[in-house]
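Okay, structure first, notes after.
All residue numbers in this chain count up from 1 along the given sequence. First listed ligand is number 1; within each ligand, the first listed atom is number 1.
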Amino acid sequence: MQLRVGFGYDMHRFKAGRDLIIGGVRVDYPLGLEGHSDADVLVHAICDALLGAANLRDIGYNFPDTSADYKNIDSTLLLRKTVELLKEKGYYIGNIDSTVCAEKPKLNPHIDAMRLRLSEVMGIDSDDISIKATTSEKMGFVGREEGITAYAVVLIQKE
Ligand SMILES: [Zn+2]
């Protein structure tokens with residue numbers, strides 16, 4: 001069996017007048033995140049980790065933000081396509097561990113819904129998806145509530 005790891009990182013700044021979508025789940029909050037797509041920072045980090053593990057470049061390369069196709073797109077569709085790209089190379093997902101870093105809002109109440117949603121999108125067990133939420137202890141741009149960052153590591157395997 002061939003095992004590979006991948007790492008992904010993403011960040012988006014807050015913007016008024018947009019829904020806040022994290023991990024495929026709408027979180028009730030007065031601000032959303034700015035981006036060409038729905039700016040789902042966690043899903044983007046997971047996509048990048050998966051693509052990196054399979055050496056398939058990154059999310060911007062595969063789904064360019066210059067393309068009208070991806071304007072305001074539901075990022076879980078990009079995640080679905082990413083899993084397809086991996087399958088074409090013979091890889092399936094072992095497990096995912098991720099951290100979302102946000103000063104506000106509190107994300108812990110939404111984590112189980114995110115894990116469930118992402119398990120449906122990727123067709124894997126929700127037990128293979130870990131999502132952790134932390135703050136930046138009021139330091140830096142996350143601490144100043146300017147935006148949200150997300151980090152993900154994945155393990156993928158091929159027989
Ligand atoms: Zn992004």
query: Any idea how F63 and Y70 line up, ring-wise: parallel (<30°), tilted (30 to 60°), or perpendicular (>60°)?
result: perpendicular

message: Between the side chains of D97 and K132, is the shortest nitrogen-to-carboxylate-oxygen separation below 4.0 Å, so that they form an ion pair?
response: yes

message: Side chains of D65 and H36 only: does a donor on one sit below 3.5 Å from an acceptor on the other?
response: no

task: Measure from the Zn ion (ligand 1) to every N/O/S atom of D10 and report the name of the nearest one.
output: OD2

query: Which N/O/S atom belongs to H12 and is the closest one to the Zn ion (ligand 1)?
result: NE2

- prompt: Do I148 and L20 touch side chain to side chain, with heavy atoms closer than 4.5 Å?
  reply: yes

query: Do any of the N, O or S atoms of D40 sit under 2.8 Å from the Zn ion (ligand 1)?
result: no

- line: the Zn ion (ligand 1) has as its nearest N, O or S atom from H44 the atom ND1

